[in-house]
Amino acid sequence: MLDAPVQPVRPVQEAPTLRLKRALLGPALPTARLIHERLGVLLGLAVLASDNISSSAYGTEQVMLPLLAAGLAGTALTFPIAVGIAALLAILILSYRQTIAAYPSAGGAYVVTKDNFGLNLAQVAGAALLIDYVLTVSVSVAAGIAAVVTGVPALTPYIVPLSVACIALITWGNLRGVRESGKMFGVPTYVYVASFGAVVLIGLARLATGHLAAVHPTQTGPLPRQTATIGLLLLMHAYASGCTALTGVEAISNGIPAFRRPEAVNARKALVMMGSILGILFLGSSFLAVKTHVLPYPSGNPTLVGQLAGYILDARGSALGHGFFEFFQFSTLLILVLAANTSFADFPRLASFAAGDAFMPRQFTRRGHRLVFSNGIFTLAAAATVLLVAFRANLNSLIPLYAIGVFISFTMSQAGMTRRHLRLREPGWRYGIVVNGLGAVVTFVVLLDVISTKFTHGAWMVLVALPVLVLLLYRTNRAYSGELAALKVELSETFAPPKPRHEVLVLVEALDRPSLLALQYANQLRPLRMSALHVAVDPDAARRLATLWAQTRVPLPLEIVDCPDRNLVACVRREIAERYRPDTELTVLVPRRGYASVWHRLLLHDRTSVGLIRTLGDMDNVNVTIVPFRVRSERQRAVPAG
């Protein structure tokens with residue numbers, strides 16, 4: 001007996017989208033590489049702490065802006081208020097060290113709230129953080145572009161396009177993978193820390209030696225007419241504005257899985273380093289701003305830190321100082337733009353947590369080409385871009401929306417930790433109650449302060465968006481719960497017996513190769529009854545088909561039904577509905593032509609088969625099977641297989 005000839009295997013053609021991904025992002029990473037995509041302390045600090053560290057570039061300015069209403073006496077309180085904010089930073093660092101120790105796998109507000117207050121309340125913390133991450137990207141990019149415009153005023157008309165381009169760059173960097181983004185963003189973070197630290201040290205040295213006098217009033221922001229006296233409300237407003245510098249403190253506790261083993265130990269080290277760097281830069285710049293009488297511009301351009309660096313470095317009178325100033329402005333641009341990377345690291349991970357609990361679409365749990373949560377990255381980029389365009393990348397318009405979400409998550413996280421200590425009473429629980437309880441109380445008071453002082457300046461939008469997002473999360477969960485109830489198999493259930501009748505119906509458009517392939521497949525199914533159906537959208541074409549069918553003697557009856565309104569999909573559905581019998585299972589075979597060229601798929605041929613599959617798939621006792629036939633060009637057929 002002769003062996004059947006072996007058919008050559010045609011190589012599978014690679015999808016264009018996969019080739020594009022490989023060109024832009026590099027080769028796909030296997031799942032086994034996930035453990036190797038972890039970060040050390042230094043790279044982890046660059047990826048997860050850049051948002052918090054970068055706020056030193058605008059934190060002092062945000063404290064001083066409300067104080068301008070009280071004149072120079074008011075701005076002199078900038079440093080004491082900065083000390084109060086630094087004290088809150090210290091409390092948060094101690095609190096989140098407790099959180100990381102208690103939740104070494106992931107200790108963000110969502111996980112802590114879920115464990116201690118339940119899944120439903122966790123959605124409030126999750127929604128608050130999701131909103132804050134979007135605002136973090138928008139504020140960071142807007143602040144970075146403001147730093148550029150300070151150095152190059154000619155770029156002012158291009159603020160919005162430059163902002164959108166920055167988001168696109170960060171998105172690309174994060175899609176390349178966790179380690180790749182760490183390598184890309186690590187150097188700018190440490191360059192900024194070193195250059196800003198040098199500016200602060202030079203300023204303190206010049207001040208100590210008497211070579212740093214107060215700036216001339218014409219060389220800094222204007223002092224507006226005094227409209228307020230120093231009082232509690234003014235101090236609260238300044239404190240609340242300055243607390244925007246604390247956003248990003250929770251990022252490391254959310255991103256514990258990104259660190260190398262031991263994850264919790266490395267995360268706690270990075271957390272302390274982050275708090276120390278921010279505290280030194282923030283307090284140093286605030287102290288020097290008060291001593292030099294540098295004042296912010298209401299427009300935010302030039303920036304307060306930019307003015308301070310230019311004055312300390314004598315950028316106008318020294319070529320070396322000017323060069324260092326331009327370098328510092330460039331490093332500020334990089335850290336502020338790349339500060340958005342913290343959100344790109346944490347937003348997708350938080351979305352995957354919520355999706356795993358069925359409160360967000362399941363697509364957010366899937367890892368993409370480079371083992372990152374690509375859907376979360378794209379969603380964050382799109383939301384931040386819309387926000388920047390809507391607010392014209394104006395930093396002072398975006399800042400009032402900032403910090404509410406993160407302080408909600410601060411409060412819920414610290415309250416959750418306090419409850420955990422009371423519930424479990426693990427070793428050291430009394431110290432934990434003091435630290436986390438104090439953190440919960442202080443952050444709640446600051447939250448009320450932020451809401452009351454920023455409500456009319458735009459914070460109301462966040463307070464409206466938050467419950468709307470929470471409702472969307474709940475609605476998503478209800479939809480998944482309904483699906484689960486419908487799909488769940490009970491242990492008492494058994495396989496239903498097959499129906500006594502099985503019919504196969506082949507939809508025929510023309511007597512061509514795809515139809516013949518479908519007829520051949522129908523014959524292999526060996527049903528009780530088999531027929532072909534043609535819907536006569538064009539009566540002349542239907543008559544020609546009937547004649548050709550008879551001439552070729554196809555061993556299968558052809559049924560032709562009239563379709564006077566030329567609605568092919570509706571006619572097919574109506575015809576199949578008339579064939580319904582409770583004891584019959586109907587299989588409908590749909591020949592489908594596949595085209596390699598996008599030109600053919602989108603422009604030269606309609607997509608009727610897609611509509612047929614969709615509408616027939618909704619019918620009971622109807623099973624739709626696609627019989628594919630790939631249409632090849634003459635050039636493709638000429639290429640030998642194998």
Side-chain angles (χ1 to χ4, degrees), residues 55-85 142-143 146-147 149-151 153 156 196 199-200 202-204 206-207 210-245 281-317 321 325 328-329 332 394-400 402 449 453-454 456-458:
S55 59
S56 59
Y58 55 81
T60 300
E61 184 169 352
Q62 294 306 310
V63 173
M64 192 176 286
L65 276 170
L67 297 175
L68 289 174
L72 284 177
T75 59
L77 296 174
T78 299
F79 183 68
I81 293 175
V83 171
I85 295 173
V149 173
T150 299
T156 302
F196 199 172
V199 168
V200 171
I202 292 171
L204 292 175
R206 290 189 61 188
L207 186 66
H211 293 87
L212 192 67
V215 69
H216 194 275
T218 60
Q219 296 179 0
T220 187
L223 187 65
R225 184 173 60 88
Q226 185 171 343
T227 58
T229 57
I230 298 174
L232 181 60
L233 289 178
L234 182 66
L235 296 178
M236 288 175 59
H237 190 186
Y239 190 85
S241 296
C243 281
T244 55
L281 297 181
F282 179 47
L283 289 175
S285 59
S286 299
F287 179 74
L288 290 171
V290 171
K291 290 298 182 181
T292 57
H293 295 175
V294 174
L295 301 177
Y297 285 85
S299 64
N301 182 29
T303 63
L304 180 72
V305 167
Q307 293 182 70
L308 185 64
Y311 183 63
I312 290 173
L313 300 173
D314 192 19
R316 296 183 179 181
F325 168 73
F328 172 68
Q329 288 300 103
T332 304
N394 187 306
L395 179 63
N396 289 336
S397 297
L398 289 165
I399 282 288
Y402 209 26
D449 180 21
T453 56
K454 293 188 175 185
T456 57
H457 295 86

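Every heavy atom of this structure was used, including side-chain atoms; hydrogens, water molecules and symmetry mates were not.
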Could you walk me through whether T75 and L68 pass the side chain to side chain contact (heavy atoms under 4.5 Å, CB included) test, one step at a time? CA-CA 6 Å; T75 59; L68 289 174; 3.7 Å; yes
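- L283 places a side-chain heavy atom less than 4.5 Å from the side chain of F79.
- Minimum interatomic distance between I85 and C243 (heavy atoms only, all atoms of both residues): CD1-N, 3.9 Å.
- The two residues H237 and P66 have their closest heavy-atom pair at ND1-CB, 3.8 Å.
- In this structure, the separation between OH on Y58 and CG on L304 is 14.0 Å, given to the nearest 0.5 Å.
- In terms of heavy atoms, A70 sits closest to T229 at CB-C, 4.4 Å.
- Contact record, F282 with G59: CE1-C, 3.5 Å, taken as the closest heavy-atom pair.
- Contact detail for Q62 and T244: the closest heavy-atom pair is CG-OG1, 4.0 Å.
- For the atom pair CG (L234) and CG (L232), the distance works out to 9.5 Å, reported to the nearest 0.5 Å.
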May I have the step-by-step check of side chain to side chain contact (heavy atoms under 4.5 Å, CB included) for F287 and L207, ending in yes or no? CA-CA 11 Å; F287 179 74; L207 186 66; 3.6 Å; yes
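- Taking OH of Y311 as the start and NE2 of H216 as the end, the distance is 10.5 Å to the nearest 0.5 Å.
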Trace of the side chain to side chain contact (heavy atoms under 4.5 Å, CB included) decision for T332 with F196: CA-CA 8 Å; T332 304; F196 199 172; over 6 Å; no
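- The side-chain hydrogen bond (donor to acceptor under 3.5 Å, both in side chains) pairs that include a residue from residues 282-295 are T60-S285, T60-S286, where partners are two or more places apart or lie in different chains.
- A distance-only check finds no donor-acceptor pair linking the side chain of T220 to the backbone of V294 [under 3.5 Å].
- Interatomic distance, CG of L288 versus CG of L308, reported as 5.5 Å (0.5 Å rounding).
- In this structure a side-chain-to-backbone donor-acceptor pair under 3.5 Å is present from Q307 to L295.
- Between atom CG of residue L233 and atom OG1 of residue T453 there is a gap of 9.5 Å, rounded to the nearest 0.5 Å.
- Without hydrogens or angle criteria, Y239 side chain to G84 main chain gives a donor-acceptor distance under 3.5 Å.
- Residues I81 and A238 share a closest heavy-atom pair of CD1-CB, 3.7 Å.
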